[in-house]
Amino acid sequence: MTSFIPPHERIFCALDTVDVGEAVSLADKLRGVVGGIKLGLEFFCANGADGYKRVHEMGLPIFLDLKFHDIPNTVAGAIRAVAPLAPHILTIHTQGGPEMMRRASETAREEAGKLGISPPAVVGVTILTSLDETDLDAIGVSDSVPGQVGRLAALATKCGLDGMVCSPKEIELARSVTNADFKLIVPGIRPAGAAIGDQKRVMTPIEAVNAGADVLVIGRPITQAVDPAAAAQAIATQLSL
Ligand code: C5P
């Protein structure tokens, strides 16, 4: 950890729903107890910018996880299109290549400058955790998963991205090939004793932060709790011990 961040600000709660009312209600309950909200492709495809704005109006920073992957010009255009929504974090696929990453990063800064707002952190997705070595082989990638994650993480840093999304088990590898300012956004987090669900390799919040995670993406342990705000607060308390 390079600087002190209030523990709750490290928590971004993943609202994996297409229901705007439910998302707004959760964002309202979580105001002040988490650092932000993650909205993904499912929510955005179902509800578009209007749904996004209703959640954003609750006052929390938004991690807009749309994982852009296209030619540089189109990704730059997509970033220009979402810039007025003022997301705090935005994802792109590093497999789009160096030019795409550079253009994405430059465009995010330029557009924010024009709008007079802070630019989003543009962070890269390397190898989806749903892919294993057999899948990589099928698409002609002969390197191992860690080899490819390390290569893409190093490239992302070189191309000006602000960070990457990585699984808890990739934190050490990612830190070894990136600089200290490069933000590691980490899903697959489970408080001690919480249901693991479909996640395979999990870490507790404090283990992940101690390993080098900057932002913890936590969904069901908060959203499915009887009292989501209390669940988030309990996680923040664990982080501050
Ligand atoms: O409910 P849970 O805490 O498992 O939610 C984790 C969130 O992080 C979900 O939105 C999931 O899609 C996302 N995610 C993940 N693993 C990745 C990348 C994203 O769990 N490798």
Side-chain angles (χ1 to χ4, degrees), residues 8 10-19 22-23 26-27 30 33-47 51-52 55 60-69 87-95 121-133 135-136 145-146 148-150 152-153 156 161 163-174 183-209 211 213-226 228-229 231-232 234-236 238-239:
H8 74 276
R10 291 184 183 277
I11 305 169
F12 270 62
C13 181
L15 301 188
D16 289 311
T17 175
V18 292
D19 185 325
E22 191 187 329
L26 273 161
L30 295 173
V33 294
V34 296
I37 296 295
K38 179 176 92 88
L39 294 175
L41 262 182
E42 208 180 335
F43 182 87
F44 203 78
C45 288
N47 304 300
Y52 173 102
V55 178
L60 281 164
I62 307 280
F63 169 7
L64 185 55
D65 186 19
L66 301 181
K67 297 188 179 70
F68 293 144
H69 189 178
H88 194 71
I89 308 174
L90 200 56
T91 43
I92 65 172
H93 271 282
T94 56
Q95 289 184 76
V122 179
V123 308
V125 173
T126 59
I127 301 297
L128 294 170
T129 46
S130 51
L131 301 178
D132 62 15
E133 255 128 60
D135 298 311
L136 290 193
V145 171
Q148 192 64 3
V149 168
L152 291 168
L161 294 201
M164 68 184 277
V165 179
C166 67
S167 77
K169 68 165 197 135
E170 291 165 350
I171 296 174
E172 202 181 326
L173 166 65
K183 303 281 179 248
L184 300 186
I185 317 286
V186 182
I189 301 296
R190 288 293 177 269
I196 288 179
D198 54 0
Q199 294 285 7
K200 298 234 158 48
R201 289 170 293 265
V202 298
M203 267 189 194
T204 65
I206 192 69
E207 281 169 347
V209 170
D214 294 289
V215 170
L216 307 176
V217 177
I218 307 177
R220 287 161 291 181
I222 296 174
T223 59
Q224 308 290 302
V226 178
I235 296 169
Q238 284 173 28
L239 288 178

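Note that ligands are numbered from 1 as they come in the structure, with each ligand's atoms numbered from 1 the same way. Keep in mind that this is a model prediction, so the values were computed, not measured.
- To the nearest 0.5 Å, atoms CG (Leu90) and CZ (Phe68) are separated by 5.5 Å.
- Shortest non-hydrogen contact noted between Leu30 and Ala232 is CD2-CB, 4.1 Å.
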Pick out the protein N or O atoms lying less than 3.5 Å from any N or O of ligand 1, and list each pair with its distance.
residue, atom, partner, partner atom, Å
ligand 1, 1 (O), Arg220, N, 2.7
ligand 1, 1 (O), Arg220, NE, 2.7
ligand 1, 3 (O), Arg190, NH1, 2.9
ligand 1, 3 (O), Gly219, N, 2.8
ligand 1, 4 (O), Arg190, NH2, 2.8
ligand 1, 4 (O), Gln199, NE2, 2.9
ligand 1, 4 (O), Arg220, NH2, 2.8
ligand 1, 10 (O), Asp16, OD1, 3.2
ligand 1, 10 (O), Asp16, OD2, 2.8
ligand 1, 10 (O), Lys38, NZ, 3.1
ligand 1, 20 (O), Gln199, NE2, 2.8
ligand 1, 21 (N), Thr129, OG1, 2.8

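- Residues Pro191 and Pro221 come closest through the heavy atom pair CD-CB, 3.8 Å.
- Ring geometry for Tyr52 against Phe44 counts as perpendicular: the plane angle is over 60°, on a 0 to 90° scale with 30° as the lower cut.
- In the displayed structure, Glu22 atom CD is contacted under 6.0 Å by more than 12 heavy atoms of other residues, nucleotides or ligands.
- For the atom pair CG (Asp135) and OG (Ser130), the distance works out to 7.5 Å, reported to the nearest 0.5 Å.
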